[in-house]
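Here's the structure, in structure tokens; my notes come after.
Naming: A, B, ... by sequence-line order, numbering from 1 per chain.
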Amino acid sequence: MSWIGKSPERKEDQRLIRGRGLFVDDKQSYGLLHLHLVRSPYAHAQILSIDVAAAEALPGVICTLTGAEVKDLMPESFMELGPEPAASIRDYPLAVGKAIFQGEPVAAVVAETPALAADGGALIEVDYDMLDAVVTAEQALEDKDILHESAGTNQTWQGVYEYGEVDKAFAEAATVVAIDRLHFHRFASTPVENNAVVAEWLPHGDLNFFCNNSFVGFAQQLLAPALGISVDQMHIKTHDIGGSFGNKISNYTQMAIAALASRKTGGRSVKWVETRTEHLLSSGHGNERTFLDTEVALDKNGVITAVRSRHIDDCGAYPRYEPLGCVIWSQVLPATYGVRNFRIDFSQAVTNKCPAVPNRGYSRMQHLWFMERIIDICAHELDIPADEMRLKNYITEFPYTTPNGCVYDSGNYPAMLEKAKELIGWDDWKKKQADARGEGRLLGIGIGTTLDSGTNNFGQARIMNPHLPFSGNSEVATIRIDLQGSVIVTLGSGPSGQSHETTASQVVAEELGISPDLVRVRSGFDTGWNTFVGHSGSYASQFAVTGLSAVHGACEKLKAEMRRLAAFILEASEEDLEFGIGDEGPQLSVKGTDQAVNYWYMGNLVNNDNAVLAGELGDVTLNIRHVYRPPFTVPDTERKYGNLTLTYAAQLHIAVIEIDRAFGHPKILAYAAVDDCGTVINPKIVGGQVHGATAHGIGAAIMEIFQYDETGNLLTSSFSDYCPITSMNMPDVQYGSIQTPSPFSYNGAKGMGEGGGAPLHTVSAAIQDALYGEGVIVRESHHSANSVFALLRDSDESTGVQVETRQ
Amino acid sequence: MSEVIEKVSIRITINGQSYRRKVEPRLLLVQFIREELGLTGTHVGCDVTYCGACTVLVDDKPTKSCTLLAVQADGCEILTVEGLEQDGELHPLQKAFSENHGLQCGYCTPGMLMSSMALLAEKPDPSPAEIRKGISGNLCRCTGYNNIIKSIQAAAREMAG
């Protein structure tokens, strides 16, 4: 039987359902020490002095660390990805001289217990001189207050993306719609497990990390030079990770503090576990983006022919993974639409806020929301129904090369729209909406179409900085038959809930003609396995294509060895052999006979009993390491042109929302989500990812926001204020899928899991539709009762939208 | 803070096993369960009683163990996720969560299971609205809750026979 498209029991569940997972904070050992971080209460402040004497005198405190000390201990600050002047930014894991966001760590205490470490922290006295805070990217770009003197400017990147004949398209347009300002708010997916690490930097040089970093391939390249150690001296392990959603990519900064602290204690194990307030203040927020002076050209049929706009990204206090977000959005430049002419002036700035970090849908979601707002605003202004507007503009021929050279592999957006309409009961809701409007109620129906681009070409980093030595992509898997005949697989992905053990076992079972329960997939990530490359990690919808292609390639090599070995043992020809399960377990047999050799015999022969081979097959080890590399080339950095991603999964959501006129509260009455990620390996897991991404998007759209005041205080720094979505706010999702197999992956699958922020587009659209007739244009992505109420209250003010009709 | 804190003697029964320990009065119940006893299935996810990853049953009541001091639980009987499996047999809720993909990363799962236990003890046949309310104090970032609701419904059916 085939194991692709099935949902066998998840391997991960056996331990997790019993509470027997191994998360970082579960790690205990004799003599384990605990690290506490002292943080800046101010968003922008000179550090005049730090007095650690009282803390160090506290019994149980082993040592302290300050920024000045860390700067001396580290041969260099963390590598910056951006070109000059951003390359001159100095990023140390503890603030040096100046704190530039609220919650930035300024000192560390190591003690025998977590409570003693916190006690020690309370005894550290820091003298600050508060400075003016820069809290918006537009304000930052004025360069009145400079955050990083070494860079001399707050701008971290600027570039123009221009394709086609923009001015000509505007000259020939039947209608031009101008939108003064759109804004995508700051939020994050806030995994329930906070960041954590145990570090042990031994006196002879080896450094051991047990951590929950979700992109170790990247982290080790930042940690090694900053700590003055070789990559091979760092032994990095993960096991169970309690969600990441991209957020745990940047916890390498805290890994560095824990390492330096361990070194100062003479090599004892030091554990650091972040509190939730620390997480919300300082671990990383999704990118906030402002879209200014947008103009959209349309022909007389309502087809969009050109877009020009100015986009400003706010990356918070330190760029870290940024300014990559200044390029990554361009994987989905035209969204799902056939627009050929674009001019986007993109810039990014640092602000006195928490550093940005990749967050589910990273950088593409912001742009896709922008494109969906354009579609809906134009539809609204031209009085074209939102579904028709989309059908007029959707890309329908695949593979489709976008104006910037990306190749959309496959898709069928009209079919997704049709399916979503069926699921939600479109015609029924349209009737109910007409009735509601008759009664003066605010009921809206919104559509959101989005893309989830997977397996990215790291060469796009060179569009941002031509000097970066990154391109292509890769992932590793190993597979071996051990001396007892067991099938053992290791992965480079280090998952955080995405069921990689299960789906990898399905691919192996499919290839070897056995069942997933006969495949043992090691949990977590371990540099000791030799199963990693620089791209290894779980991020950017990598696994279904990059990770599973590595597993598949490893299986093919293993099968070739097994065929040669079995042919030798059975004195048969390789062509006559078949894989399967016999009376004595997994085996190779000679077709049409009872001759067979099982895995135990082959594993034992190679590992224990090799004289039987009489010197033959010396290269057969049944121990395979395979690296999958997608067929990418380096993009043209001058033209900002090239294929930036291998696969394009799509999602189409429809929401029905009623707004309470008195309080502004948006209530979701019905919700449908249709997914297309090509060939589905495991329907249950894909469905789980769709539901999870939908919850993140709905939470972000109606509840979650990192709100700062003008002095840079984070007003939502606890879960009680940030209010992540709960079971009370999450609607029932009517879920459906279509499958347009990707021609670019061996199995037709497309990377998925990020979901492209579909609910943000959809909720904005539904709220726009609900406020139809109120003279309101939705220009923000966050729709709490407060913000919707403000929209209604200010409905007599300018919408910020102007329409010029020429023909 | 520099003086030595006097420890207090407590006796707590967890998963049927009785423990006597001397603890600092400020030690949270969740720290006692995790760090003193090594029962690491009970997790910590926030500081403000919002996420529910630390939910255990204290004398059958679902309780966020980050919000109770260990000394307050003196003399109590506590059930944690490790106590759900009996004689090698998973609890119907554990099976149902696995079968209905009611967990992904598994970090919220122990707390979610314990809240579900309390819910089903009180309401053996809960409506979807009652289930939503029953787990409203438990945050899950992976599943979007729909499959958790299904899991609890399936377990309720199984437990009703």
Top contributor to chain A contacts, counting heavy-atom pairs under 4.5 Å, from Gly106(B), Gly41(B), Gly144(B), Cys105(B): Cys105(B)
Modelled atom types, side-chain donor and acceptor of Ser189(A) and Arg141(B), under 3.5 Å: no
Per-residue contact mode, Thr109(B) against chain A (heavy atom under 4.5 angstrom): side chain
Proximity breakdown for Tyr735(A) and chain B, heavy-atom pairs closer than 4.5 Å: neither
Short N-O contact, Lys95(B) and Asp13(A), less than 4.0 angstrom: no
Selection from Gln689(A), Glu9(A), Arg18(A) maximising heavy-atom pairs under 4.5 Å formed with chain B: Arg18(A)
Asp125(B) atom CG, over 12 foreign heavy atoms within 6.0 Å: no
Leu139(B) versus Ile725(A), closest heavy-atom pair with distance: CD1-O, 3.3 Å
Gap between atom CG of Leu103(B) and atom CG of Leu16(A) - 0.5 Å precision: 6.0 Å
Exercise: identify the closest heavy-atom pair between Val192(A) and Tyr107(B): O-CE2, 3.6 Å
Part of Asp240(A) within contact of chain B (heavy atom distance under 4.5 Å): neither
Contact class of Pro731(A) relative to chain B, heavy atoms under 4.5 angstrom: backbone
Gln31(B), part contacting chain A, at a heavy-atom distance under 4.5 Å: neither
Arg20(A) CZ to Thr40(B) OG1 distance, which is reported to the nearest 0.5 Å: 6.5 Å
Residue among Ser496(A), Ser499(A), Ala115(A) with most heavy-atom pairs under 4.5 Å to chain B: Ala115(A)
Atom pair CD1/OG of Ile131(B) and Ser727(A) - distance to nearest 0.5 Å: 10.0 Å
Which portion of Thr190(A) sits near chain B, non-hydrogen atoms under 4.5 angstrom: both
Chain B contact via Gln28(A) - side chain, backbone, both or neither, heavy atoms under 4.5 Å: side chain
Atom CD of Glu85(B) with >12 non-hydrogen neighbours under 6.0 angstrom: yes
Chain B contact via Asp25(A) - side chain, backbone, both or neither, heavy atoms under 4.5 Å: both
Plane angle bin for Phe719(A) and Tyr50(B) - parallel if under 30°, tilted between 30 and 60°, otherwise perpendicular: tilted
Inter-residue atom distance His279(A).NE2 - Cys46(B).SG, 0.5 Å rounding: 12.0 Å
Flag, side chain of Arg132(B) to backbone of Met728(A), donor-acceptor distance under 3.5 Å: no
Within-4.5 Å side-chain heavy-atom neighbours: Gln498(A) and Gln104(B): no
CG-CE distance between Asn146(B) and Met730(A), expressed to the nearest 0.5 angstrom: 5.0 Å
Evaluation steps, side-chain contact (heavy atoms from CB on, under 4.5 Å), between His43(B) and Glu193(A): CA-CA 8 Å; His43(B) 298 145; Glu193(A) 184 205 29; over 6 Å; no
Asp119(A)/Arg26(B) salt bridge by N-O under 4.0 Å criterion: yes
Distance, nearest 0.5 Å, that separates CD1 of Ile17(A) from NE2 of His91(B): 11.5 Å
Winner by heavy-atom pair count (cut-off under 4.5 Å) against chain A, out of Pro110(B), Ser136(B), Gly134(B): Ser136(B)
CG/Asp74(B): more than 12 non-hydrogen atoms of other groups inside 6.0 Å: yes
Side-chain heavy-atom pair His101(B), Asn682(A) within 4.5 angstrom cut-off: no
Contacting moiety of Ile685(A), where chain B heavy atoms sit under 4.5 Å: both
Contact origin within Ser720(A) toward chain B - heavy atom pairs under 4.5 Å: both
Side chain, backbone, both or neither of Ile149(B) within contact of chain A (heavy atoms, under 4.5 Å): neither
Chain A contact via Glu82(B) - side chain, backbone, both or neither, heavy atoms under 4.5 Å: both
